[in-house]
Amino acid sequence: MQQQQQQQSQQPAPKKKKIRVPRSVNGIEQMVEIEVDDVNGPGWGPNDKHVLLNHPMTRVDGPQKVSGAAKYTYDQHPKNMLYGRILRCPHAHARVVNLDTSGAEKIPGVAAVIKGPLSELRFAGAPVAAVAAKTPEIAGDALRAIVVKYEVLPHVVKANAAVAEGAPKVVEPSDEANLQKKASRGDLAKVEAAFGSADAIVEAEYISQRIHHTCLETHGLTVDYSGGDSATVYASTQGTFTIPGDAAKALELPESAVTSVVQHMGGGFGSKFGIGIEGMLACKLSKQTKTPVKLMLTRYDEFVMAGNRSGSWQKLKGGVKNDGTLVAFQARQYRLGGVGQGSQAGQPYIYAAGESYREIFALHTNEDSSIAMRAPGHPQASFAIESLMDELAYKIKMDPVAFRKKNLTDKAYHRQLDRGAQAIGWDKRNPIAGGNPGPFKRGMGCAVGTWGGGGNNQCKVDVTISRDGSVLVAVGTQDLGTGTRTFTRAIVAEEFGLQLADIKEEIGNSKLGGANQSGGSTTAASLSPSVKDGAIKARLAFSERVAPLLNNAKPEEITFSGGNVSGGGKTLTWKQACATLPAAGVTARGEWRQDLQATGIHGAAFAEVEVDVETGHIKPIKMVHVQDGGLPLNRLALESQINGGMIQSLGQALWEGRVMDADLGMQVNPHFGDYKLPGSLEIPEMIPIIDDGDTREVVIGIAEGCIIPSLGAVVNAVFNACGVRVRELPITPDRILMGLKNQS
Amino acid sequence: MKKSDDEKKNQKRSHDPGRRSFLKGVSIAGAGAAVVDKLWIETEAREKKTAEPQIVSGSVKIVLDINGIKRSVEVEPRTTLLNTLRNHLDPALTGSKLVCDMGTCGACTVLLDGKPAYSCMVLAVDAVNRKITTVEGLGSPDNLNAVQAAFVQHDALMCGFCTPGFVTTISAYLKKNPNPSLAEVREACKGNFCRCGTYPRVFEAALAAAKSNKKV
Ligand code: FES
Ligand code: FES
């Protein structure tokens with residue numbers, strides 16, 4: 001130790017700095033501080049000095065998407081392609097005793113029937129067999145012709161039944177309890193003592209339902225393989241590079257022989273990584289038939305197995321002083337992840353709550369595993385804690401905004417709460433819950449949330465300037481509809497003083513430079529530093545080339561703007577300058593620079609709703625979300641993303657939810673007819689606000705951040721409107737009416 | 001005929017409504033139970049017409065008028081218009097998306113004689129002699145119609161999977177009502193879902209398209 005320090009002091013020590021980075025444990029982001037080299041290079045510059053970034057830019061692939069020209073995985077059609085379908089188990093818990101596929105095999109047009117990978121089926125919807133046929137219609141015939149004999153085993157699908165004595169056991173090994181303790185933190189004795197000093201205490205249980213990602217493009221692959229020694233796999237995925245490894249295994253090919261392609265994809269929201277069981281089955285069908293196979297899940301499949309946000313059941317207790325200071329907090333948190341683990345951020349989430357204690361459990365039921373969904377674990381925690389904070393604020397008759405400011409030390413929240421309050425018209429809010437006259441009662445609520453949003457060092461970006469003046473940026477990353485293509489172009493265009501249309505990008509291919517998967521809002525902060533680095537390096541290499549034409553100006557002093565290259569008192573047009581390049585042009589590879597990105601974002605949400613106290617119907621009136629995130633790459637796309645977060649939150653608050661039948665153990669609403677998504681008639685006035693009070697000159701991802709707090713804001717608005725505190729989501733009219741009845 | 005024997009067996013075993021021989025008295029029923037009149041059915045079974053209803057399978061040759069071009073295609077009578085566009089035309093038209101396949105989301109919207117229809121709910125054989133317009137027929141990347149251009153301008157799309165459906169629905173609506181209110185636009189789009197949450201900007205784009213001097 002001593003020696004090391006001495007050594008360091010002898011050599012010029014690399015500058016170090018401390019940064020906070022997210023670490024993911026069971027899908028829950030935790031912030032830890034690490035020491036890193038203080039890399040110095042040209043930065044982004046002040047946020048208000050950009051010419052393209054931090055401006056509204058229309059997305060560069062927009063014209064393709066609005067005209068139907070954009071090809072998604074679902075749209076691929078290699079020659080002779082077969083269609084795959086999966087047969088699913090109708091029982092919540094069963095074993096396959098006999099699988100007779102002979103009838104299916106006889107149907108003309110059926111090319112292959114294969115068995116599913118599981119021996120014991122622990123949820124309704126588990127894959128039992130898969131077929132490949134000439135048309136999707138024939139594939140459907142084949143599924144209907146497969147005869148399966150099941151041994152049906154006892155099941156449990158309701159959380160409260162799963163913890164009852166004698167409940168059927170859900171997970172392996174069979175003596176494993178359905179309720180498993182995962183973590184605890186805090187000193188219970190101290191917490192109990194702290195409750196003794198509280199002026200007011202609220203203790204309540206909050207339940208959030210399981211909701212579905214419902215990506216409009218279902219999960220699946222199009223495997224272009226015809227028996228040769230290589231394959232191309234089109235995947236609807238959030239990770240181009242998560243595909244070739246597993247696909248190669250299933251196709252029994254070397255990994256390098258498989259290329260994955262993700263040109264456009266129709267929604268993932270956290271649910272699309274790796275090839276999944278469906279991808280594995282698609283590859284096996286293709287391998288067996290030596291023919292390309294497209295296997296996209298049906299909508300039913302998508303509901304029963306392709307993803308849901310874990311439910312939560314949280315027993316919370318909070319104690320406050322009359323001045324609003326939280327002094328004591330206790331939580332017992334159940335993650336409802338079916339056969340999986342589920343996720344839930346630890347309570348009291350973002351609040352400093354004096355003494356606090358929490359225990360976190362996984363509670364298993366015979367349902368498919370939950371899958372990471374936009375900000376995994378956070379909306380659940382935020383909904384419960386923001387409800388509790390609201391209940392405490394009302395109990396001590398304190399304004400909910402003031403109450404939050406009292407208990408949040410980070411000033412970013414204070415700034416955002418003020419901004420949001422002003423945008424929603426908080427001063428018009430009636431502080432008395434249900435206090436407005438008439439049957440249509442309006443109310444307002446607020447909530448706050450946080451996320452990481454930092455990047456990692458996986459992106460390798462090649463920037464090439466050609467002699468004809470064209471510029472190509474190439475990297476294997478994917479665009480989920482988040483605008484990756486557009487900001488990639490914009491960063492390079494800005495560096496070269498060009499327009500978006502002057503740049504071309506090539507993405508979504510595993511043969512291009514490596515890239516991280518798009519999960520946890522990491523894409524912008526991983527990709528943009530590498531793009532910027534590549535652009536800077538290409539600019540310097542280019543400058544060296546053209547310097548002789550510019551009176552031998554120093555490369556770093558040559559400037560690029562407005563389509564011109566200037567230095568040494570001379571100016572060339574971009575095309576003139578490029579004409580001096582060798583035939584191969586100039587290429588530079590950009591690597592990630594941690595100083596160009598950061599982590600840690602804040603958001604505040606406000607909602608106004610109108611509750612009809614005669615019918616229990618809730619009409620959303622207005623929503624506001626204030627979001628920071630360092631340098632906004634594209635204001636137009638960011639606002640769209642904030643809108644999207646608010647709308648998805650609204651869906652969870654008021655309408656969405658998987659409904660399970662306890663006896664059958666099946667989902668009874670596995671289609672859009674009965675699973676209520678937000679639609680055009682219910683969308684309130686929406687105000688997405690980019691928080692320019694955040695002047696950090698770094699890129700941070702915001703996708704997750706903008707889905708977290710709206711849930712609490714809506715729930716609290718409903719209470720303010722009608723005085724009914726609904727602690728179980730979604731807030732359906734019957735729950736309002738029941739609450740009103742219990743009041744009177 | 002071995003095939004129809006097999007299918008009779010299947011039919012008894014299965015509870016799938018698509019296989020029920022509910023077409024009493026109709027001489028031809030496709031495996032998907034489509035009634036096909038005015039069409040020439042390419043099966044031997046038709047020749048052996050008997051008094052009893054029969055289940056036969058096979059495909060029909062039809063000509064569809066799509067985006068102003070006559071396209072001939074061979075499909076089973078049970079094939080939806082959506083699957084015909086996407087799977088059977090060569091080259092295919094994949095702008096219309098398959099999302100729910102049961103008439104609940106609008107991603108497959110096409111125009112039939114100018115009126116929006118869920119193409120997953122229309123059999124291809126029923127679209128014969130009608131003018132079919134898909135999103136590709138409304139404009140191309142280099143020549144967008146007013147609605148498409150406004151969608152790009154107002155960022156009314158994210159992943160874009162719902163977008164062709166919205167564009168098609170709104171394009172038809174603006175022809176009917178060139179100067180709609182916000183409430184009317186919302187009403188017009190109520191048969192289309194967007195999961196990414198583009199609604200506010202879809203409304204903006206529709207209103208802007210109505211005001212633009214580009215062609216719908
Ligand atoms: S796919 Fe036709 S309405 Fe959904
Ligand atoms: S843009 Fe993705 S579903 Fe609408």
Side-chain angles (χ1 to χ4, degrees), chain A residues 56 58-59 61-72 74-75 77 83 103 106-108 135-137 140-141 144-145 147 213-218 264-267 269 296 298-299 480-483 636-637 639-641 643-648 671-673 677-681 683 686, chain B residues 3 6 9-10 13-14 16 18-19 31-32 76 78-79 83 86-87 92-102 104-105 107 134-136 138-142 144 148 151-153 155 157-164 167 186-187 189-190 192-203:
Chain A
T58 61
R59 46 190 84 213
D61 47 3
Q64 265 70 34
K65 287 183 172 177
V66 297
S67 61
K71 291 279 181 211
Y72 295 75
Y74 217 140
D75 303 330
H77 197 129
Y83 295 81
K106 270 186 229 140
I107 297 175
T135 67
E137 293 80 11
D141 294 345
R144 287 185 285 269
V147 184
H213 303 70
T214 63
C215 316
L216 288 205
E217 181 180 36
T218 54
H264 298 280
M265 65 91 74
F269 313 114
M296 302 301 292
T298 63
R299 185 52 53 189
L480 277 50
T482 41
L636 191 64
E639 286 169 2
S640 287
Q641 216 168 23
N643 279 342
M646 285 193 269
I647 292 173
Q648 290 179 349
H671 51 82
F672 291 145
L677 285 175
S680 69
L681 296 180
I683 302 303
M686 315 210 71
Chain B
K3 190 159 144 195
D6 272 348
K9 254 187 261 153
N10 283 343
R13 189 168 59 217
S14 166
D16 174 59
R19 288 201 161 271
E76 284 187 281
R78 62 171 163 170
T79 312
N83 277 356
R86 295 179 52 84
N87 303 341
L93 285 171
T94 54
S96 316
K97 303 299 181 205
L98 190 155
V99 167
C100 71
D101 212 14
M102 57 190 294
T104 53
C105 77
T134 70
V135 69
E136 291 95 335
L138 296 173
S140 60
D142 300 327
L144 302 175
Q148 292 168 323
F151 263 61
V152 175
Q153 207 54 42
D155 207 39
L157 66 149
M158 284 190 256
C159 82
F161 216 70
C162 68
T163 310
V167 163
R186 283 170 179 271
E187 188 69 26
C189 315
K190 71 180 177 191
N192 293 72
F193 274 133
C194 172
R195 186 44 154 169
C196 295
T198 57
Y199 295 106
R201 288 181 159 173
V202 165
F203 306 152

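The chains referred to below are lettered A, B, ... by the order of the sequence lines, with proteins before strands, and numbering in each begins at 1.
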Problem - Contact origin within A:Ala70 toward chain B - heavy atom pairs under 4.5 Å - result: backbone

Handout entry: Distance (rounded to the nearest 0.5 Å) between A:Thr58 OG1 and B:Phe151 CZ
Key = 14.5 Å

Completion exercise
CG of A:Asp141 to CZ of B:Arg78, rounded to nearest 0.5 Å, is 4.0 Å

Fill in the blank from the handout: One should read off an interatomic distance between B:Asp155 CG and A:Gln641 CD, to the nearest 0.5 angstrom, of 10.0 Å

Practice task
Examine whether an atom of B:Thr94 lies under 4.5 Å from a heavy atom of chain A, and if so say whether it belongs to the side chain, the backbone or both; otherwise answer neither.
Solution key: both

Practice task
Check whether any side-chain heavy atom of B:Cys105 sits under 4.5 Å from a side-chain heavy atom of A:Leu677, and report yes or no.
Solution key: no

Handout entry: Check: B:Val152 and A:Lys65 side chains under 4.5 Å, non-hydrogen atoms
Key = no

Exercise for the section: Check each atom of A:Met265 against the heavy atoms of chain B and say whether the ones under 4.5 Å are side chain, backbone, both or neither. Expected result: backbone

Fill in the blank from the handout: Nearest heavy-atom contact between B:Tyr199 and A:Gly679 is OH-CA, 3.6 Å

Practice task
Would you check, one step at a time, whether the test side chain to side chain contact (heavy atoms under 4.5 Å, CB included) holds for B:Asn83 with A:Glu137?
Solution key: CA-CA 9 Å; B:Asn83 277 356; A:Glu137 293 80 11; 2.9 Å; yes

Exercise for the section: Search all heavy atoms of B:Cys100 against all heavy atoms of A:Phe672 and return the closest pair with its distance. Expected result: CB-CD1, 3.9 Å

Problem - Side-chain (A:Gln648) to main-chain (B:Cys196) donor-acceptor, under 3.5 angstrom - result: no

Practice task
State, yes or no, whether a side-chain contact exists between B:Met102 and A:Arg299 at a heavy-atom distance under 4.5 Å.
Solution key: no

Practice task
Apply the test side chain to side chain contact (heavy atoms under 4.5 Å, CB included) to residues A:Thr298 and B:Asp101: give CA-CA distance (whole Å), side-chain angles for both, the deciding distance (0.1 Å), then the verdict.
Solution key: CA-CA 8 Å; A:Thr298 63; B:Asp101 212 14; over 6 Å; no

Practice task
Check the surroundings of atom CD in B:Glu136: do more than 12 heavy atoms from other residues, nucleotides or ligands lie under 6.0 Å from it?
Solution key: yes

Problem - A:Glu217 and B:Cys159, any side-chain heavy atoms less than 4.5 Å apart - result: no

Handout entry: Which portion of A:His671 sits near chain B, non-hydrogen atoms under 4.5 angstrom
Key = side chain

Handout entry: chain B contact via A:Pro136 - side chain, backbone, both or neither, heavy atoms under 4.5 Å
Key = side chain

Fill in the blank from the handout: The interface call for B:Lys97 against chain A, heavy-atom contacts under 4.5 Å, is side chain

Practice task
Pick whichever of B:Val167, B:Leu157, B:Thr163 has the most heavy-atom pairs under 4.5 Å with chain A.
Solution key: B:Leu157

Exercise for the section: With a 4.5 angstrom heavy-atom cut-off, could you sort out which part of B:Leu138 is near chain A: side chain, backbone, both or neither? Expected result: neither

Exercise for the section: Answer yes or no: is there a side-chain heavy-atom contact under 4.5 Å between B:Phe161 and A:Cys215? Expected result: no

Completion exercise
dist B:Met158:CE -> A:Asn643:CG (nearest 0.5 Å) comes out at 6.5 Å

Practice task
Output the option from A:Gly68, A:Ser640, A:Gly62, A:Gly645 having the highest count of non-hydrogen pairs under 4.5 Å with chain B.
Solution key: A:Ser640

Handout entry: B:Asn87 versus chain A, the contacting section by heavy-atom distance below 4.5 Å
Key = both

Problem - Flag side-chain contact, heavy atom, 4.5 Å: B:Thr79 against A:Thr135 - result: no

Fill in the blank from the handout: Counting heavy-atom pairs under 4.5 angstrom with chain A, the leader among B:Pro141, B:Cys189, B:Gly197 is B:Pro141

Practice task
Please state whether the side chain, the backbone, both or neither of B:Arg195 comes within less than 4.5 Å of a heavy atom of chain A.
Solution key: both

Problem - Evaluation steps, side chain to side chain contact (heavy atoms under 4.5 Å, CB included), between B:Leu144 and A:Ser67 - result: CA-CA 7 Å; B:Leu144 302 175; A:Ser67 61; 4.2 Å; yes

Fill in the blank from the handout: Residues A:Ile647 and B:Pro200: closest non-hydrogen pair is CD1-CD, 3.8 Å

Handout entry: Partners passing side-chain hydrogen bond (donor to acceptor under 3.5 Å, both in side chains) against A:Gln64 (at least two apart in sequence or in another chain)
Key = none

Fill in the blank from the handout: The reported gap from CZ in B:Arg186 to CD1 in A:Ile683 (rounded to nearest 0.5 angstrom) is 7.0 Å

Completion exercise
If one checks every heavy atom of B:Leu93 against chain A at 4.5 Å, the contacting part turns out to be neither

